[in-house]
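Everything numeric in this text was worked out from a predicted model, so none of it was measured. The analysis underlying the following values was restricted to heavy atoms, covering all of them including side chains, and did not include hydrogens, waters or symmetry mates.
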Amino acid sequence: MALPQESFYTIEDIYALPDGERAELINGRLYCMAPPSRIHQKITGRLYQEIANYISRKGGSCEVYAAPFAVFLNEDDTTCVEPDISVICDPDKLNEKGCSGAPDWVIEVVSPGSRRMDYSVKLFKYRAAGVREYWLVDPDKDRIMVWSFETENTDEYTFHDKINAGIYHDLSIDFASLGL
């Protein structure tokens, strides 16, 4: 008996999805995305606000984007992700469709359906693509994992901690004050 063929998708298939449907494309595999929970949106919104306010005060060249925002990690058409928060400091990576290349800083908020993807598949994709810093915020475990791929450091924090952003020397986010 022949084994069923696994479908191989491209970015073209992402753009062909019906309105309102979201999916990520990783190595030619399509991963449907469920709507985020209220706490997921609250965390993402507060973090986006902190980072956007910091960038606005500093007037730097970096830009912050919240999902849905397309990030094309590879130079091929087999990977398109939507990190919850992307900080891009190279304006040449930005185009009308999103970000072409690795953001400098990516934050993902873990949902029950994204746990395996966020902790393994995306971790390795982001590292290989050249993301400088990856935060994984896990509300179910009261944990924030921070990977600095430049220094090869990994640190673990809780929702009671103040965390320094690695790509900025003077930005720290106090999770206890975010009202989560």
Side-chain angles (χ1 to χ4, degrees), residues 14 17-26 29-58 62-73 79-89 94 98-99 102-127 129 131-149 153-168 170-180:
I14 289 284
L17 290 172
D19 285 345
E21 281 192 38
R22 291 179 51 215
E24 292 183 305
L25 179 67
I26 300 176
R29 292 192 63 197
L30 205 56
Y31 298 90
C32 294
M33 298 170 66
S37 68
R38 183 190 64 80
I39 190 66
H40 183 283
Q41 290 299 88
K42 187 175 184 179
I43 292 168
T44 301
R46 298 271 166 84
L47 290 173
Y48 174 87
Q49 186 176 26
E50 290 283 321
I51 297 165
N53 288 344
Y54 171 84
I55 291 172
S56 179
R57 278 192 317 271
K58 293 296 182 173
C62 299
E63 294 188 34
V64 60
Y65 294 92
F69 179 74
V71 174
F72 306 95
L73 288 174
T79 300
C80 176
V81 293
E82 290 186 8
D84 290 313
I85 297 174
S86 302
V87 177
I88 298 103
C89 298
L94 297 170
C99 176
D104 293 271
W105 182 12
V106 168
I107 300 174
E108 294 281 11
V109 179
V110 177
S111 298
S114 72
R115 185 169 303 285
R116 184 183 68 79
M117 290 294 293
D118 293 338
Y119 274 100
S120 62
V121 176
K122 285 186 176 180
L123 168 67
F124 293 109
K125 283 302 283 186
Y126 291 146
R127 179 186 309 219
V131 170
R132 294 168 54 197
E133 184 169 355
Y134 178 43
W135 288 23
L136 192 54
V137 180
D138 193 334
D140 288 345
K141 294 188 177 198
D142 184 37
R143 175 171 67 190
I144 301 101
M145 297 295 299
V146 174
W147 286 271
S148 172
F149 298 134
N153 286 338
T154 304
D155 294 299
E156 184 175 332
Y157 301 93
T158 72
F159 278 62
H160 304 286
D161 292 324
K162 191 175 199 175
I163 304 173
N164 294 323
I167 71 165
Y168 297 111
D170 59 348
L171 171 63
S172 57
I173 296 177
D174 185 357
F175 272 76
S177 72
L178 292 180
L180 305 170

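With 3.5 Å as the limit, one finds no donor-acceptor pair spanning the side chains of Asp84 and Tyr48.
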Would you sort out whether Leu123 and Phe149 count as a side-chain contact (heavy atoms from CB on, under 4.5 Å), showing the intermediate values? CA-CA 10 Å; Leu123 168 67; Phe149 298 134; 3.7 Å; yes

Quick one: do Glu63 and Ile55 satisfy side-chain contact (heavy atoms from CB on, under 4.5 Å)? Show the steps, please. CA-CA 7 Å; Glu63 294 188 34; Ile55 291 172; over 6 Å; no

Would you please test Thr79 and Leu25 for side-chain contact (heavy atoms from CB on, under 4.5 Å) and show each step? CA-CA 5 Å; Thr79 300; Leu25 179 67; 5.7 Å; no

Begin with the C-alpha distance, continue with both residues' side-chain angles, and end with the deciding distance and a verdict on side-chain contact (heavy atoms from CB on, under 4.5 Å) for Tyr54 and Val87. CA-CA 12 Å; Tyr54 171 84; Val87 177; over 6 Å; no

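In this structure, Phe175 and Trp135 have tilted ring planes: the angle between them lies in the 30° to 60° band.
The backbone N or O of Glu82 lies less than 3.5 Å from a partner atom in the side chain of Glu24, making a donor-acceptor pair. Thr158 contributes a side-chain N or O that, together with a main-chain N or O of His160, makes up a donor-acceptor pair within less than 3.5 Å. Under the 3.5 Å distance criterion, the side-chain polar atoms of Ser114 are left unmatched by any main-chain donor or acceptor of Met117.
To the nearest 0.5 Å, atom NZ of residue Lys122 and atom OH of residue Tyr31 are 10.5 Å apart. The distance from the CD1 atom of Ile107 to the CD atom of Glu133 is 8.0 Å, given to the nearest 0.5 Å. Taken from CD in Gln49 to OG1 in Thr44, the straight-line distance is 12.5 Å, to the nearest 0.5 Å. Taken from CG in Leu136 to CZ in Arg115, the straight-line distance is 8.5 Å, to the nearest 0.5 Å. Of the inter-residue distances, the one linking Glu50 atom CD with Ile173 atom CD1 reads 6.0 Å to the nearest 0.5 angstrom. The structure places CG of Leu17 at 11.0 Å from CZ of Arg22, a figure rounded to the nearest 0.5 Å.
Closest of all the heavy-atom pairs between Cys80 and Ala70 is SG-CB, 3.9 Å. Closest heavy-atom contact between Asp138 and Phe159: O-CE1, 3.8 Å. Residue His40 comes nearest to Ser111 through the heavy atom pair CD2-OG, 3.2 Å, listed as atom of the first residue, atom of the second, then distance. Residues Gln41 and Pro36 approach most closely at OE1-CG, 3.3 Å, considering heavy atoms. Here the closest heavy-atom approach between residue Tyr126 and residue Pro83 is recorded as OH-CG, 3.5 Å. Closest approach of Lys162 and Ser172 over heavy atoms only: CE-OG, 3.2 Å.
At a threshold of 4.5 Å between non-hydrogen side-chain atoms, the residues Tyr134 and Met145 do not count as touching. Contact annotation: the side chain of Val81 never approaches that of Lys125 to less than 4.5 Å [non-hydrogen atoms, C-beta and beyond]. Within the 4.5 Å cutoff, no side-chain heavy atoms of Cys62 are placed close to those of Asp104. Annotation: side chain of Ile144 is not in contact with side chain of Asp161 (no heavy-atom distance under 4.5 Å). In this structure, Pro103 and Val71 have side chains that are in contact, with non-hydrogen atoms separated by less than 4.5 Å. Using a 4.5 Å cut-off on side-chain heavy atoms (C-beta onward), Lys58 and Asp170 make contact.
Partner of Val64 under the side chain to side chain contact (heavy atoms under 4.5 Å, CB included) criterion, chosen from Ile85, Leu47, Ile88: Ile85.
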